[in-house]
Amino acid sequence: MRLLVTGGAGYVGGHTVRVLLDAGHDVTVYDNLAYGHRESVPCKLEIGELDDRAALDELFRRGRFDAVLHFAAYAYVGESVTEPSKYWRNNVAAGLELLDAMRKHGVERLVFSSTCAVYGPPTRVPIDEDERKAPESPYGESKLTFERVLASYATAYGLRSMSLRYFNAAGARPDGSLGEDHEPETHLIPLVLRAAAGRGDNIRVFGTDYPTPDGTCIRDYVHVDDLASAHVLALDALDQPGAQALNLGTGKGYSVREIIDACRMVTKRPIQVVEGERRAGDPPALYADNRRARETLGWQPRYTDAESIVRTAWAWHAKQWGLQPGT
Ligand code: UDP
């Protein structure tokens, strides 16, 4: 298929581009490079803004795309609280320009990068897709709003879409060619690995008094290549009209302490921990009921334990930092 990937220079987008290319698709990336990296795009790259309707029209006219994978978005939960305008404009309003360009040019298929942040604090775990939606940040609200836009576009215009709600994306290409490179970095695994490499502060555990077995928060870490392969499968599942949404997680939760232990095992380095206060808005435990994704897509995550995910992340980071992964 001829595919347009918005945000394809980013973390999940970039990994997905590689899996799409491996599957034989013709891929064009559209990215403003605000957070993405030019050197991580291994295919055609068009640099532009998502709200630039003229640029989008030209792109669609030339590209004759069969489908779009839409990753371009801002994704810092904390920043979305202090700068909501940025999130509503980019994650919703600019996304509408994309949808309307698709409509104008007769492109009916979309895979949308969504998030488990659409749920907010869950009423039960594991979380299934019918869980109530009570996002706690403008980031989660913006993703949920866009999912609702997709539902209304399905009804009115026949758009076929699949929203993939990621749990905690983690890990890197096992060949070390691409990994998680956020600036600023806020995510647990890269921060722990920085601490292990002596390149960052000691790792601060946000809360040790949660009602979990070891007192720290439990999350569902899912390998970025498993997310990527779900997008490829989702493209094939868009033969049905309508707007669907699927959870992408392994179904297994790890506590913050368990992740730090996995990083100690993999890096064989000491990691100093500081016990800190809870971070606002962090529910004690979030992990996915992923049955719907497995049934709908035939998806099966290949990385099911924290250590194997961390191993790929460490191999990539160690390479960036000029270290031997085994030392
Ligand atoms: N976390 C932590 N210290 C850090 C960063 C994260 O204890 O420096 C915890 C955080 O409270 C959460 C888990 O690690 O329970 C995963 O956080 P992350 O920011 O990676 O992803 P999120 O779950 O917020 O999307």
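In listed order, ligands and their atoms are each counted from 1.
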**Asked** Any sub-3.5 Å donor-acceptor pair from Asn91's side-chain atoms to Tyr74's backbone N or O?
**Response** yes

Side-chain donor-acceptor distances from residues 245-253 under 3.5 Å, at least two apart:
from	atom 1	to	atom 2	distance (Å)
Asn247	OD1	Tyr119	OH	2.6
Asn247	ND2	Ile127	O	2.8
Asn247	ND2	Asp289	O	3.4
Thr250	OG1	Asp220	OD1	2.9
Thr250	OG1	Lys252	N	3.1
Thr250	OG1	Lys252	O	3.3

**Request:** Give me the ring orientation class for Tyr139 and Tyr87: parallel if the planes are under 30° apart, tilted from 30 to 60°, perpendicular past 60°.
**Result:** perpendicular

**Prompt:** Near ligand 1, which residues have a heavy atom under 4.0 Å away from one of its atoms?
**Reply:** Asn168, Thr186, His187, Leu188, Leu191, Ile203, Arg204, Val205, Phe206, Cys217, Arg219, Tyr221, Val256, Arg279, Asp282

**Asked** Looking only at heavy atoms, what is the nearest atom pair of Ala169 and Val12, with distance?
**Response** CB-CG2, 4.2 Å

Identify each donor-acceptor pair in which a side-chain atom of residues 295-304 lies under 3.5 Å from a protein atom, sequence neighbours left out, and give them as a table.
from	atom 1	to	atom 2	distance (Å)
Thr296	OG1	Arg292	O	2.7
Trp299	NE1	Asp226	O	2.9

**Request:** Could you note down all residue pairs passing salt bridge (charged side-chain N to carboxylate O under 4.0 Å, His left out) where residues 109-124 supplies at least one of them, sequence neighbours left out?
**Result:** Arg124-Asp128

